[in-house]
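Comments concern the structure below.
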Amino acid sequence: MGGVSAVSDETPLRVSEIFGPTIQGEGALIGVPTVFVRLGGCDYRCSWCDSLHAVESAYRESWIPMSAEAVMDEVARLSGGRPLLVSLSGGNPAIQPLAGLIGLGHDKGYCFALETQGSVARDWFRDLDMLVLSPKPPSSGMEVDWTAFQACVDAGQGADMVMKIVIFDETDYQWAQGVAARYPHLPLFLQPGNHTPPPPDDDHALVDQAGVDERMRWLVDKVTQDGWFQARVLPQLHVMLWGNKRGV
């Protein structure tokens with residue numbers, strides 16, 4: 001299967017942070033109580049990335065090598081042993097071997113959602129409870145490999161699968177319409193971009209929430225005026241509540 005490596009599930013996971021319980025702040029599961037497992041490392045470098053501490057190799061020394069068992073122990077500690085949603089994020093969590101973690105968590109009654117840009121396919125995508133594919137629009141400075149993206153769609157058959165696209169401007173919006181036409185069977189969530197993401201060493205950096213809200217209103221107006229009723233427009237709820245603060 002495209003993008004699948006021979007990395008063993010015994011390989012330690014590179015963990016940037018584990019936190020919660022909090023709420024899922026965006027997309028199809030917005031508001032759902034969640035523990036986040038943020039993995040370190042990414043094969044993209046988006047211009048507006050809001051999690052550079054989990055992306056840039058300069059921060060690799062802060063990523064903790066953990067076994068799947070150790071990760072689940074921490075998730076269980078945080079949740080008080082009560083199964084809830086575990087969100088696997090990054091960076092790009094798909095570059096790490098997560099089959100063992102997902103299996104361990106499922107045995108304990110936990111559910112797993114993973115968000116990826118769709119650049120690396122894994123055969124364990126089908127074991128997820130939800131796979132969020134988030135292809136990056138032109139404003140990111142990245143170019144989507146649609147062959148790799150299709151491999152991720154194929155790998156995710158069996159999981160609940162959705163798309164989420166961040167929108168910054170008219171070019172992104174038109175691009176998203178083309179992506180939606182390419183994958184009409186995938187529920188689509190549009191999200192106004194945060195043009196004031198935090199530097200990796202400052203999670204107290206101020207958010208231009210008024211500017212993000214203005215983009216949200218523009219985006220809602222666009223989809224309603226265009227009659228694009230298949231798309232659902234949602235904010236980043238965690239940014240509205242806590243700004244750029246980490247660990248919430």
Side-chain angles (χ1 to χ4, degrees), residues 1-21 24 27-29 32-44 51 54-55 57 60 62-79 81-136 144-145 147-164 183 186-187:
M1 182 174 296
V4 177
S5 74
V7 177
S8 167
D9 282 339
E10 283 73 42
T11 302
L13 302 173
R14 300 188 305 275
V15 178
S16 174
E17 54 187 338
I18 303 174
F19 62 90
Q24 172 56 255
L29 298 172
V32 175
T34 304
V35 168
F36 282 84
V37 177
R38 186 181 297 281
L39 288 306
C42 191
D43 50 330
Y44 272 24
S51 56
V55 169
S57 58
R60 181 180 295 271
S62 69
W63 304 340
I64 302 172
M66 298 179 70
S67 67
E69 291 82 1
V71 172
M72 272 314 305
D73 285 347
E74 178 63 6
V75 169
R77 185 189 71 81
L78 290 171
S79 68
R82 292 169 293 176
L84 44 56
L85 175 68
V86 179
S87 180
L88 304 171
S89 63
N92 181 8
I95 67 177
Q96 299 206 41
L98 296 172
L101 176 63
I102 295 166
L104 283 172
H106 278 165
D107 287 345
K108 298 177 182 294
Y110 289 82
C111 296
F112 288 84
L114 178 142
E115 180 173 328
T116 177
Q117 58 262 44
S119 58
V120 178
R122 297 294 190 188
D123 54 7
W124 44 260
F125 279 1
R126 65 174 64 94
D127 298 324
L128 293 162
D129 298 278
M130 176 168 284
L131 174 62
V132 181
L133 296 173
S134 183
K136 304 309 179 188
V144 176
D145 179 339
T147 300
F149 190 87
Q150 181 61 52
C152 291
V153 173
D154 295 341
Q157 299 301 317
D160 193 3
M161 192 168 12
V162 302
M163 279 199 305
K164 189 196 80 178
Y183 293 100
L186 293 180

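Sequential numbering from 1 along the given sequence is applied to the chain's residues.
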Asp145-Ser119 side chain donor-acceptor pair, cut-off 3.5 Å: no
Do [X] and [Y] have side-chain heavy atoms sitting under 4.5 Å apart?
X      : Y      : value
Leu133 : Val162 : no
Asp129 : Asp160 : no
Phe112 : Leu101 : yes
Met66  : Pro12  : no
Val120 : Arg122 : yes
Gln117 : Cys42  : yes
Met130 : Met161 : no
Leu114 : Trp124 : yes

Parallel, tilted or perpendicular: rings of Phe36 and Phe19 (30°, 60°): parallel
Mind checking the [atom1]-[atom2] spacing from [X] to [Y]? Nearest 0.5 Å is all I need.
X      : Y      : atom1 : atom2 : answer
Ser79  : Tyr110 : OG    : OH    : 2.5 Å
Leu39  : Glu17  : CG    : CD    : 10.5 Å
Leu104 : Asp73  : CG    : CG    : 9.0 Å
Met72  : His106 : CE    : NE2   : 10.0 Å
Leu128 : Leu88  : CG    : CG    : 7.0 Å

Contacts of Phe149 that satisfy ring pair (Phe, Tyr, Trp, His ring centres under 6.0 Å) - sequence neighbours left out: Trp146, Tyr183
Worked verdict on Ile18 versus Leu78 for side chain to side chain contact (heavy atoms under 4.5 Å, CB included): CA-CA 9 Å; Ile18 303 174; Leu78 290 171; 3.7 Å; yes
Non-neighbouring partners of Lys164 that pass side-chain hydrogen bond (donor to acceptor under 3.5 Å, both in side chains), sequence neighbours left out: Glu26, Glu115
What's the shortest heavy-atom distance between [X] and [Y], and which atoms?
X      : Y      : value
Val144 : Pro135 : CG2-CB, 4.1 Å
Leu131 : Gly156 : CD2-CA, 3.9 Å
Ser87  : Thr34  : CB-CG2, 3.6 Å
Ala155 : Phe125 : O-CB, 3.6 Å
Ser51  : Gly91  : OG-N, 3.8 Å

Any sub-3.5 Å donor-acceptor pair from [X]'s side-chain atoms to [Y]'s backbone N or O?
X      : Y      : value
Arg126 : Ala159 : no
Gln96  : Gly40  : yes
Ser67  : Ala70  : yes

Partner residues of Arg60 under the salt bridge (charged side-chain N to carboxylate O under 4.0 Å, His left out) criterion, sequence neighbours left out: none
CA sep, side-chain torsions, deciding dist, call: Leu85, Leu29, side chain to side chain contact (heavy atoms under 4.5 Å, CB included): CA-CA 9 Å; Leu85 175 68; Leu29 298 172; 3.7 Å; yes
